[in-house]
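First the structure, in the form of structure tokens, and then the observations on it.
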Amino acid sequence: PEAITVQELANRMAEKGADLVKALFNMGMMVTVNQTIDQDTAELLVEEFGHRIQRVSDSDIDIDTSTDVDPEEALQARPPVVTIMGHVDHGKTSLLDALRGTDVVRGEAGGITQHMGAYQIRTKGGDHVTFLDTPGHEAFTEMRARGANVTDIVVLVVAADDGIMPQTIEAINHTKAADVPMIVAINKCDKEEANPKRIRERLLEHEVIVEEMSGDVQDVEVSAKTGKGLDELIEKILLQAEFLELKANPDRPAEATVVEAKLDKGKGPLATILVNRGTLKRGDVFVVGTESGRVRAMHDDKGKQVKEAGPSMPVEVLGLGGVPMAGDQLLVVENEQRAREVAEYRQEKATEKRTAMAPASLDTMFSALA
Ligand code: GTP
Ligand code: MG
């Protein structure tokens, strides 16, 4: 709790310092205007003078877990989170499909990815890898930039029959900005006009130097169509992951990131989240962005009900009070009251911010002059 001097508090309330000293004296405290009082005393005084308490510091209400570091001995290995990036139509979703052995492309309207999907696969060796698919359209740049924060490894998909395109460059820039290791998957190598060598050369111009060119960026020739190079791609991902020594503490209240969220007509607000640390359990109470909620049910990427989700696991969560935004943090809290308090505080702050940015109306300008 913050301490404040009597004079400072008097200034904030637009009262005389001496009056506060007098009031404190009546409460049994001998202090001068320059002395500090604690937060509880300050709050008593504020009420005594009939003012409303307005907390100004985020830390009074909001939660910040960024300084809450897990002890080394609590950390356990977790699967890598791999984001697939690349230009439109270069085969990101097809590659994921091939990796999952399923087919999402055909289910998508027009074959274009509208959302960032999250999937987890189990390799032949029993390792887990989490994949994030990203939409290929430029309008989603911001979402993609946010996505990079949960990413451990980026797989850059470049079609061997096309080349380095605007969104390829964008993906390279995001990856560099996020300081995340990259693996280049040169796709569509089954095509006759495929020219992987040219892709490697062109990547040099963007300071991506692949192993074949004596650099340290792993690259692999693949075909989502024939399945060529997929095992090799998985191997390279696992090699990179091993090098990163990815760990998280599974035994703590969960923290997760919203990958996508929507309002479902039947089920209400739905969010696909990716657990960063801790374990999310059915019944957990949480705050996510400006919304609060309680986990009513969770489904994995195959639509199967799960009771809990640990680090790097993507799940769809039911039980939100509203639809959060992609990139929002989900934090498990002690109880519903706390969740509501934080959510309401954040909503208030969001409204204040909007009001502050709204241009002053003529009415208020005139009344200010009068
Ligand atoms: P957006 O999500 O719209 O950015 O596209 P995307 O990168 O996910 O590409 P998608 O997987 O939808 O593939 C685009 C087209 O390329 C489809 O018609 C695929 O069938 C085709 N394609 C993808 N991979 C390969 C491949 O390895 N070989 C061949 N021949 N065609 C491929
Ligand atoms: Mg796609």
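Whatever order the structure lists them in is the order used to number ligands and atoms, beginning at 1.
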Report the distance from atom [atom1] of [X] to atom [atom2] of [Y], rounding to the nearest 0.5 Å.
X      : Y      : atom1 : atom2 : result
Cys189 : Asp161 : SG    : CG    : 9.0 Å
Thr175 : Glu170 : OG1   : CD    : 10.5 Å
Glu201 : Ile164 : CD    : CD1   : 11.0 Å

Legend entry - Cluster link Val258 to Val323, ILVMFWY, side chain under 4.5 Å: no
Among [options], which one puts a heavy atom closest to [atom]?
atom                    : options                : result
atom 24 (N) of ligand 1 : Asp133, Val222, Asn187 : Asn187
atom 15 (C) of ligand 1 : Met85, Lys188, His90   : Lys188
atom 19 (C) of ligand 1 : Gly229, Ser94, Ser223  : Ser94

Check whether [X] reaches the backbone of [Y] with its side chain - one donor and one acceptor, N or O, closer than 3.5 Å.
X      : Y      : answer
Thr279 : Gly310 : no
Glu15  : Ala10  : no
Asp284 : Lys281 : yes

Regarding ligand 1, does [X] bring an N or O atom to under 3.5 Å of one of the ligand's N or O atoms?
X     : value
Gly91 : yes
Val88 : no
Asp89 : yes

Is it the side chain (CB and beyond), the backbone, both or neither of [X] that lies under 4.0 Å from ligand 1, heavy atoms counted?
X     : answer
Lys92 : both
Thr93 : both
His87 : backbone

Legend entry - Sub-4.0 Å atoms of ligand 1 with respect to non-hydrogen atoms of Lys191: 30 (N)
Legend entry - Distance filter under 4.0 Å to Asp190 heavy atoms, resulting ligand 1 atoms: 26 (C), 27 (O), 28 (N), 29 (C), 30 (N)
Inset, instruction - Measure from the Mg ion (ligand 2) to each N, O or S atom of Ser94 and report whether any distance is below 2.8 Å. - result: no
Legend entry - Check: Asp133/Thr93 side-chain N/O donor and acceptor closer than 3.5 Å: yes
